[in-house]
Protein chains: 2
Amino acid sequence: MSRTPHHPTREQIELPMVLDCLSDPIRLAIVYQLAQQERVSSELRCSDFSALSGKSNLAYHFAKLRDCGLMRTRVAGTNRFMRLRREDLEARFPGLLDAVLSSAAKDADRLPLVSGCELVEVDRK
Amino acid sequence: MSRTPHHPTREQIELPMVLDCLSDPIRLAIVYQLAQQERVSSELRCSDFSALSGKSNLAYHFAKLRDCGLMRTRVAGTNRFMRLRREDLEARFPGLLDAVLSSAAKDADRLPLVSGCELVEVDRK
DNA sequence: TTGATAGTTCAATAAACATTGAACATAGGG
DNA sequence: CCCTATGTTCAATGTTTATTGAACTATCAA
């Protein structure tokens, strides 16, 4: 297992890949909840999303989110903390992420969201 | 052949379908060029994009663009004129289309665009 | 060192997708 | 009325995708 997973540079972020990544309801829900949580902690663990799907399927989606440049994964012990690459996305495609997020917010009832009380991240390392 | 192809209502437009539609480089290029052309004519024929792919493949992509609510097709004789559903998209997902379009503009060199002089739409019916 | 926890990787599978060419439908011009 | 131009539909093909479970790796804590 590589110590730090691969992330594209800012310039390597491609628009079609980003849109494709966001077009999957599970991944869109992950990105949306990550954004929702930003005012609290800005990072969530993989396991915080375990209500959405199985571990291996989530790992697959997380890899796609990393590969397209939407999220960054920080390894801390046996946990991996995910955060949105807001600055990079804003620099690359100004306004895009916010437009997608507010669109997702309008249709939040159509997203497979983890219920709020399941997201109780407090302790960080 | 049905006289008028199927189009979703404004409320039926779904975010994941729209993003998925825009994630294909050919479809993104079609939408982008349609937007570019808006100040001139707002409509383009299918055959205006023949440089992008074969007829049947374009018909496939046009159908997806219609099905997800991004474009409307108007039948006029043997031609079909396509136009962006700007108002519907703006009402449904405010700011999204413009954010995608300006992102596409930043990366226009990475899109499979039809060269400008091939888009010489003048006569309309 | 043993066991539990957190994630990744791999192989297998079914569904969806993009692309092609051939056949078809429709309208307009000689 | 034929011929052509414009698009659609269908079947076939190969590719990519999402999902699953099992096996694996790494870290932490007792």
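By convention in this document, chain letters (A, B, ...) are assigned in the order of the sequence lines, proteins followed by strands, and residues within each chain are numbered from 1.
Listed pair B:Ser53 / C:dT20 meets the phosphate criterion, a side-chain N or O lying under 4.0 Å from OP1 or OP2. OP1 or OP2 of D:dG7 has at least one side-chain nitrogen or oxygen of B:Ser47 nearer than 4.0 Å. Between A:His61 and D:dT19, a side-chain N or O to OP1/OP2 separation shorter than 4.0 Å is present. Between A:Lys64 and D:dA18 there is a side-chain N or O to OP1 or OP2 distance below 4.0 Å. Distances shorter than 4.0 Å separate some side-chain N or O of B:Asn79 from OP1 or OP2 on D:dG7. Between A:Arg27 and D:dA18 there is a side-chain polar atom (N or O) within less than 4.0 angstrom of OP1 or OP2.
Of all nucleotides listed (C:dC17, D:dA22, D:dT19), D:dT19 comes nearest to the side chain of A:Tyr60. Closest to the B:Lys55 side chain, of the nucleotides D:dT9, D:dT19, D:dG7, is D:dG7. Across C:dT9, C:dA22, D:dT6, the shortest atom-to-atom separation from the side chain of B:Ser56 is found for C:dA22. Taking the side chain of B:Cys46 as heavy atoms from C-beta on, and the options C:dA6, D:dT8, C:dT19, the nearest nucleotide is D:dT8. Distances from the side chain of B:Asp24 to the nucleotides D:dT20, C:dA18, D:dT17 place C:dA18 closest.
A:Ile26 has its CD1 atom 8 Å from the P atom of D:dT20, to the nearest Å. For the pair B:Arg80 CZ and D:dG7 C1', the computed distance is 5 Å after rounding to whole Å. Protein atom CG of A:Asp48 is 10 Å distant from nucleotide atom P of C:dA6, rounded to whole Å. Rounded to an integer number of Å, the gap from CD1 of A:Ile30 to P of D:dA18 is 12 Å. As a whole-Å value, the separation of A:Asn57 CG from C:dT13 P is 18 Å. One atom, CG of A:Asp67, and another, P of C:dT8, lie 12 Å apart when rounded to the nearest Å. Rounded to whole angstrom, the span from the CG atom of A:Leu65 across to the P atom of D:dT17 amounts to 14 Å. Rounding to whole angstrom units, CZ of residue A:Arg66 and P of C:dG7 are separated by 11 Å.
Between B:Val100 and B:Leu28, some side-chain heavy-atom pair lies under the 4.5 Å cut-off. Looking at heavy atoms from C-beta onward, B:Ile30 lies in side-chain contact with B:Met71 at the 4.5 angstrom threshold. Inter-residue side-chain proximity for A:Asp107 and B:Arg92 is flagged as met; some heavy-atom pair is nearer than 4.5 Å.
A donor-acceptor distance shorter than 3.5 angstrom exists from the side chain of B:Asp48 to the backbone of B:Arg45, with no hydrogens or angles considered.
At a threshold of 4.0 Å, the pair A:Asp67-A:Lys64 does not count as salt-bridged, since none of the basic side-chain nitrogens sits closer than that to a carboxylate oxygen. Here A:Arg72 pairs with A:Asp88 in a salt bridge; the nearest charged N to carboxylate O distance falls below 4.0 Å.
Comparing B:Phe62 and A:Asp20 by the nucleotide of DNA chain D that holds the closest heavy atom to each, the one mapping nearer the 5' end is B:Phe62.
Taking only distance into account, the side chain of B:Thr78 never meets the base of C:dG28 through a donor-acceptor pair shorter than 3.5 Å.
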